[in-house]
Structure formats: structure tokens, C-alpha cells
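All chains are named by letter (A, B, ...) in the order of the sequence lines, taking the proteins before the strands, and each is independently numbered beginning at 1.
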Amino acid sequence: MTRTAVLLFTRDLRVHDNPALAAACEADRVVPLYVDDPGRASNPNQRAFLLDALDDLRESLQGLGGDLVVRTGDTAEQVQAVRAATGAEHVVCASDAGRFAAGLLERLESAGGLRVTPGPAVVEPGRLLPSGGGDHYKVFTPYWRAWSQVRWRETAPEPDRLRVPDLPASDELAPAEPTATDLPAGGERAGLARLDEWAPDSGDYGDRHDDLAGDRTSRLSPYLALGCLSAREVAADPRVSEDFVRQMCWRDFHLQVLAAFPALADTAYRNGGNDVWEADLTALEAWKTASTGIDIVDAGMRQLHAEGWMHNRARLITAGYLVKTLGLDWRDGEAHFAAHLVDYDEANNAGNWQWTAGTGNDTRPNRGFNHERQAGRFDPEGAYRDRWSRT
DNA sequence: TGAGTTTTGAT
DNA sequence: TCAAAACTC
């Protein structure tokens, strides 16, 4: 009896260290599938990156003797259609959190035959729990201590070949219409190349990652957001410093918050922060269009629009300006970032916006940012502001 | 460099 | 009881 498994790729678009791929290969035949689902939140810049990543993944799978089926529509329905067409008994899919992913996994589960494998985190949400009770950690530092001590999963073996049945036809994907002009190339190969470019020279990450003009951050976030790189492999890379690994832990932290609090993107995680916001549409529009008149803020927003990406320090400054100086609703800022970021990730975007707004996982929620002081500290020569000045 | 300022999570 | 992403002045 031949067993066939549908391997549903979601945001694990790689062949290295992919637990879902390894699990699917335990079946006799594998149907590699990606579903372009309009219900999955994204944006045109991330879509351009996604299409690159799918091309790269298809090429890798073809190199293993397989291929990639791409369908358009509702994911659960397409999975059922592909199962019916190929006689697949099983479905393998990586775990994930967030409203779309959680709902999808529930529907796949109820259809039966589902195997869920480790997802985008280094340490799965729910694996670490505070000893005093509770379903997730709400404070980072205790989480970091536990995360650092727990044993991470083993590397998932990469198959040397893929046995596929007769595959159903793919749908043609709508092209991306990115708004940014200077996007990174998507895909696993590009991600590994970026890692090899950055990691050997990343020893001063802890000292220099806040340097706006120095631009020394990893720029791995778009690859991590769609799983072109395995977060576990990046965090375990001997070339990266502990300061950077700590940032990787923040990613896991926010994912386990989102898993426990699915409404994170539009509902205050905790009370005590401001919950009355100004409704100044003119001010919001100025922020969105990089016309606040504050050079460091406008520079960050111009970088966002040009690259679909913003330096982390600039994210803090622009977000802090929106919520603390203008007094506007953090959800409007969250939505604008979500509409442009090539590295858009629900857990990180929402978690960090809530942190800035004082409604998130911060035990001292009343910190403010002084944009002049921030510019002086992190862009002392004004080189970042010059680079992204109005043309 | 250190105090301010505050509530609640983790042990 | 201790301590807490990113600060400010």
C-alpha cells in the first residue's frame, strides 16, 4: 500500500532544516503544495519577495526530483482538492500562530489525517511555561533564561530525493505590484547568501546594531518571516553573537504571546496603557507620507517606502513619535507598517507596536522617546537623515 | 553615571 | 522579594 502525503508549505519556504519536509518524506510519495490564499495577511512588497521564494523553492524541489504545486484560493479547500486528486491520506503542515494560521490548522485538523510539525520558532510556543502557572510568558527576561537553557530540536534532515505522484496542475499566480523600488531578493538561496555575507562580520552586533547610518543589522527578517531560513539554524549559527541570539529569542517570545493572545494585532494586550487616542487624520497622514517635518522620523518613513524595510532603531523612533508625541492610535501605525514591510510578521509587528504604545509586554510602559535625543545618539552625523532626506 | 517611577510577573 | 528591551535628563 502506497502512502501519499500532501506537504503544505506555509511560511517555511525552504528545503534546509524543514521539519514538515522531513516528516512528509516518511510517506512513500509527497505532494508539495503552496496555496496563495487571499485570507493570509500580507502586502505587495512581501508578495514580490514571496514570488521569488516560491520560484526558488520550486527549483530546489525540482532538483530533488519533485516539483511544487501552487494553487490559488482558500487553503483548506485547496488542500482537500489536492488530496482528492492525488489520493493522499495525510497532510503535513508546520505549526504557526495568529488568526489565519490558527484557524487554518483547526480546519485542517477537523478534515483529518493532519500532522503538525515545528514551525517558525526556535522553541515552539507553549513548550516553555512559567513555573508559577499561566499559558505563556508575559515578561521577556524570564523567558530568555528558560529559552537559553532548553534543548532545541534537532536539525531536520534534508531528503536526497523526493518521490512525487502525478501532480495536479498549478494555478497561475497574480503578479506582485510592489510599492517599494529597492526590495531584497526572496528565497532560500538569497537568504543563505545574506547570512554568509553578514554573519562573519557580525561580532560587533551588540555594540553597533543601533547605529542608523552604519546599517549593521542582519537584514535577515524577510527571510525569517517567510521561512526561507530556519530560525533554529540562524540562532544556532556559531558565527552569530549572543546579543543577536537574544533578538532571535524576542521573535519566539512574541510568537508565544500571539499563540496565547490571537487578537494581538488589534486589541490591547494589557490595560494600563493609554486607551484614548487622538483622531487627527492630518497628523496621521503626515506621518504616513514622511512629512512630519521631523527629519529623523521622515527619514525612517522614506526608507520604509523605498525598501519595504526600516532599520530597527528607526522603527522605534517613528513608532514612538506616532503614539507618544502625536498621541495617535498604535493600530494605525501597525497597519501602515503591515502594508509596507517586506518582513511583515503578525507577532513581531503587533507585539512591538504594543510595546511602544505601552499596552504590550512591558513592565514599565511609560517610557517615551525624545526624537531629538534619539537622533543625536543613533545618527550623530546626520548621515541616515541625509541619506533619506527629501529629494 | 544614577535616579526617576511603577506595576506586575516570576520564582 | 526581586526585577524589569529599547529612556530621559
Can you measure [X] atom [atom1] to [N] atom [atom2] for me and round it to whole angstrom units?
X: A:Tyr269; N: B:dT8; atom1: OH; atom2: P; answer: 13 Å
X: A:Arg145; N: C:dA3; atom1: CZ; atom2: C1'; answer: 8 Å
X: A:Asp243; N: C:dA5; atom1: CG; atom2: C1'; answer: 12 Å
X: A:Asn361; N: C:dA4; atom1: CG; atom2: C1'; answer: 12 Å

Should the pair A:Asp343-A:Arg219 be classified as a salt bridge under the 4.0 Å nitrogen-to-oxygen rule? no
Inspect the contact between A:Arg127 and A:Glu124 and indicate whether a charged nitrogen and a carboxylate oxygen are less than 4.0 angstrom apart. no
Side-chain heavy atoms of A:Leu229 within contact of A:His16, under 4.5 Å: no
Are any of the side-chain heavy atoms of A:Pro44 and A:His340 separated by less than 4.5 Å? no
Would you say [X] places a side-chain N or O within less than 4.0 Å of OP1 or OP2 belonging to [N]?
X: A:Tyr137; N: B:dT11; result: yes
X: A:Thr141; N: C:dA5; result: yes
X: A:Ser131; N: B:dT11; result: yes

Kindly indicate, with the supporting measurements, whether the criterion side chain to side chain donor-acceptor pair (under 3.5 Å) is fulfilled by A:Arg313 and A:Gln374. CA-CA 9 Å; A:Arg313 177 53 53 177; A:Gln374 289 280 315; 2.8 Å; yes
Please give the distance between the [atom1] atoms of [N] and [M] as a whole number of Å.
N: B:dT5; M: C:dT1; atom1: P; result: 23 Å
N: B:dT11; M: C:dA4; atom1: P; result: 13 Å
N: B:dA10; M: C:dA5; atom1: P; result: 11 Å

In dot-bracket, 5' to 3', how would DNA chain C read with Watson-Crick or G-U wobble pairs under 3.5 Å, [ ] for crossing ones and | for pairs to another strand? ||||..|||
Taken in chain and number order and not counting sequence neighbours, the residues that satisfy ring pair (Phe, Tyr, Trp, His ring centres under 6.0 Å) with A:Phe369 are none
Tell me yes or no: between the side chains of A:Thr155 and A:Glu233, is some donor less than 3.5 Å from an acceptor?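 Per modelled atom types, A:Thr155 and A:Glu233 side chains form no pair under 3.5 Å.
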I'd like a table of atom pairs between the protein and nucleotides 6-9 of chain C - only N or O on both sides, under 3.5 Å - with the distance next to each one.
from  : atom 1 : to       : atom 2 : distance (Å)
C:dA6 : OP2    : A:Arg367 : NH1    : 2.2
C:dA6 : OP2    : A:Arg367 : NH2    : 3.1
C:dA6 : N6     : A:Asn352 : OD1    : 2.7
C:dC7 : OP1    : A:Arg377 : NH1    : 2.9
C:dC7 : OP1    : A:Arg377 : NH2    : 3.1
C:dC7 : O3'    : A:Gly368 : O      : 3.1
C:dT8 : OP1    : A:Asn370 : N      : 2.5
C:dT8 : OP2    : A:Gln374 : NE2    : 3.4
C:dC9 : OP2    : A:Asn370 : ND2    : 3.1

What do you reckon, is CD of A:Gln62 surrounded by more than 12 foreign heavy atoms closer than 6.0 Å?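 Check passes, neighbour count above 12.
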Validation row, ring centre A:Tyr384 to ring centre A:Phe378 under 6.0 Å: no
